[in-house]
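First up is the structure itself, then whatever we jot down about it.
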Amino acid sequence: MTRKIVKYLLLVLVIGLLAYNSVYIKKLSEVQTKEQTAFDAASFAEKLWVTKLPATLDSAVTLDVLRSTIKTNPGYAFDTWFNSMSIGNVRYGLVKLTGKVLAVNEDDITVLAGSAADPLTVKITTEYVYGNAIRDASRLLDIRDFVNTTDLNNVSEELNKLVRKRVLPAFKEQVRKSDSITCTGAIELNRAHIERSRMNGLSDLEIIPVQCKIIQQ
Amino acid sequence: MIAIQKNNTINLARLQSLIALVTLCAIIAILSDKFLTMDNGWNVLRQIAVNVCISVGMTLIVLTAGIDLSVGSVLALCGAITAGLLKNGIKMPSADLFIGFTILGALLAGIIAGALLGWFNGFVITKFKVPPFVATLAMLTIARGLTMLWTQGHPISNLGPAFSVIGTGWFLGIPVPVWIAGMVVLIASFITRQTRLGRYIYAIGGNENAAILSGISINKVKLIVYSIAGALAAVGGIMVTSRLDSAQPNAGTGYELDAIAAVVIGGTSLSGGKGSIGGTVMGAVIIGVLNNGLVLLNVSPFWQQVVKGAVILIAVIIDKGGKKK
């Protein structure tokens, strides 16, 4: 009988200890207040968009300069104008171009850029704006300022949202074939393919736009 | 004499699996220089660990002449429960109460949920005499639906670095999932070889009527076995969730087939009463190596399924051939 009591007492003790270390109870209102004061990626992205991004866009390298530098010194171009906040060969950079619209497609527009002697066809994405291209290309964030990668990635998503809401709808509505446009956006470059880029020049370029304007003739 | 013969049969079955494994490794090593590298070895072991946990539970069930088709869905649901409780806790607005879960609490909740789902399988099978195939097939759908309800169809991600240790961490130079699978195997081997429960499991699978006449409470044993299998599926679910740092609503799809394959290849008889945990581990390793080899050799995913199915078929045919002799 005593053995049985001790057995059950021990069992209750173990269960009690496990339960004590398993759950904690708080007031829901306190938790919700704390959640509200957590990092607000939308506000952060908005502030970035208004205060810092315009200057960065102004200082973006032009497509012509980038192309000539890629041919002569691809390593320099990659290290100077391209950036990534994650590991790997892929980096993103901001590039500015002026060109003539060749076609307006469902998901993108095709633009003829470059000089008459050395033309280049590029695509400007107008539908699918995802990933970290704009965030990384802008070089405005420092990974050490963020306590976790979720917050950092949320900033990316908010920047992409701003492009989808504020840039693309108006641009898509107005842009027509044969329009002259100027556009600044993010492009991707892979270190592993940089030698091929040096030999053949930049090809199959796809730009994720941040700022697009139709030049009035 | 009979005992010696039985031991010889088990040893022969194990030897067959071992020869199959060594041959498989040799072929893949010849065809791919990446196969025999340390990184790949650890990677294979890490992937096998989840299947080992599920397969061990499946072995216990198959030994009783049962089957559990719900382990993949139970794995997903328990992974999602663990992730959900860890990340969001339980909110009770009417009482202004928030119940938060520590990692220990979330793990326990996930494992208990798995055990309860397994217990429910056992309950339906023993109480209503529903064939295990049908009862667990129903649970497969129920658990998958509950997972969708719990997650609202979205992954539950960003569970924190401490939780990730379970699926991606290392301890004494060995991946944590391998430690967990190793412990599961040791405990299950001990249960099947050294305890009364283990003897009852073999007895029920060998001859259920004889087991009843011997005074074994077969319903109780089956309830325990299905609960253990559910809990082990939950352990697998936790490992998968931790490795991905995310509970995916469609996780574990088809895992039941890999588990059954491991059990069959390991020499456990689908009619119950014969087999071992060691054999199942061997079966899981063969399946894992086969999966890895097919990927390394760039075999199309469609062909991978064909090859896996063929290997299971060959294993069963060899098993049948051995029994005839």
Side-chain angles (χ1 to χ4, degrees), chain A residues 3-4 7-8 10-42 44-45 85-89 130-132 135-136 141 143-161 192, chain B residues 39 78-79 81-116 151 154-168 187 224 227 231 234-235 238 241-248:
Chain A
R3 266 181 77 178
K4 221 172 187 181
K7 211 167 106 180
Y8 282 117
L10 271 174
L11 195 68
V12 169
L13 193 72
V14 170
I15 291 171
L17 261 174
L18 281 176
Y20 180 75
N21 288 301
S22 294
V23 293
Y24 53 92
I25 294 168
K26 284 180 180 175
K27 276 192 167 183
L28 183 60
S29 45
E30 280 176 16
V31 174
Q32 281 169 339
T33 314
K34 209 174 174 184
E35 273 174 4
Q36 277 161 10
T37 54
F39 178 72
D40 182 355
F44 187 90
M85 297 183 83
S86 52
I87 52 171
N89 281 334
Y130 293 104
N132 297 323
R135 181 199 71 188
D136 288 8
L141 303 185
I143 198 165
R144 287 165 297 189
D145 295 337
F146 293 82
V147 289
N148 60 56
T149 49
T150 311
D151 292 348
L152 193 60
N153 291 337
N154 285 343
V155 174
S156 252
E157 180 46 27
E158 291 302 329
L159 285 173
N160 293 340
K161 261 189 208 167
Chain B
D39 279 352
C78 296
I81 287 174
T82 306
L85 291 179
L86 185 63
K87 188 156 190 203
N88 307 321
I90 297 173
K91 288 167 185 161
M92 302 164 95
S94 54
D96 191 24
L97 207 64
F98 172 80
I99 304 172
F101 282 75
T102 62
I103 289 179
L104 175 69
L107 294 181
L108 285 175
I111 293 169
I112 290 168
L116 285 174
T151 60
H154 299 296
I156 304 171
S157 305
N158 298 314
L159 306 167
F163 183 72
S164 293
V165 170
I166 300 165
T168 58
I187 295 167
I224 293 172
S227 302
V235 172
I238 288 164
T241 305
S242 166
R243 198 171 72 206
L244 301 174
D245 192 26
S246 170
Q248 301 286 333

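All of these numbers come straight from a predicted model, not from anything done at the bench. Only this structure's heavy atoms are used, side chains among them; waters, hydrogens and symmetry mates stay out. We name chains A, B, ... by the order of the sequence lines, and we start the count at 1 in each one.
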Rounded distance (nearest 0.5 Å) linking atom CD of A:Gln32 with atom CZ of B:Phe98: 9.5 Å
For chain A, the option from B:Leu108, B:Leu97, B:Ile99, B:Leu104 that forms the most heavy-atom pairs under 4.5 Å: B:Leu97
A:Leu28 backbone acceptor or donor facing B:Asp96 side chain under 3.5 Å: yes
Heavy-atom side-chain proximity of B:Phe101 to A:Tyr24 below 4.5 angstrom: no
Shortest non-hydrogen contact from A:Ser22 toward B:Gly105: CB-CA, 3.2 Å
B:Thr102 side chain vs A:Asn21 backbone, donor-acceptor pair below 3.5 Å: yes
A:Lys27 atom NZ, over 12 foreign heavy atoms within 6.0 Å: no
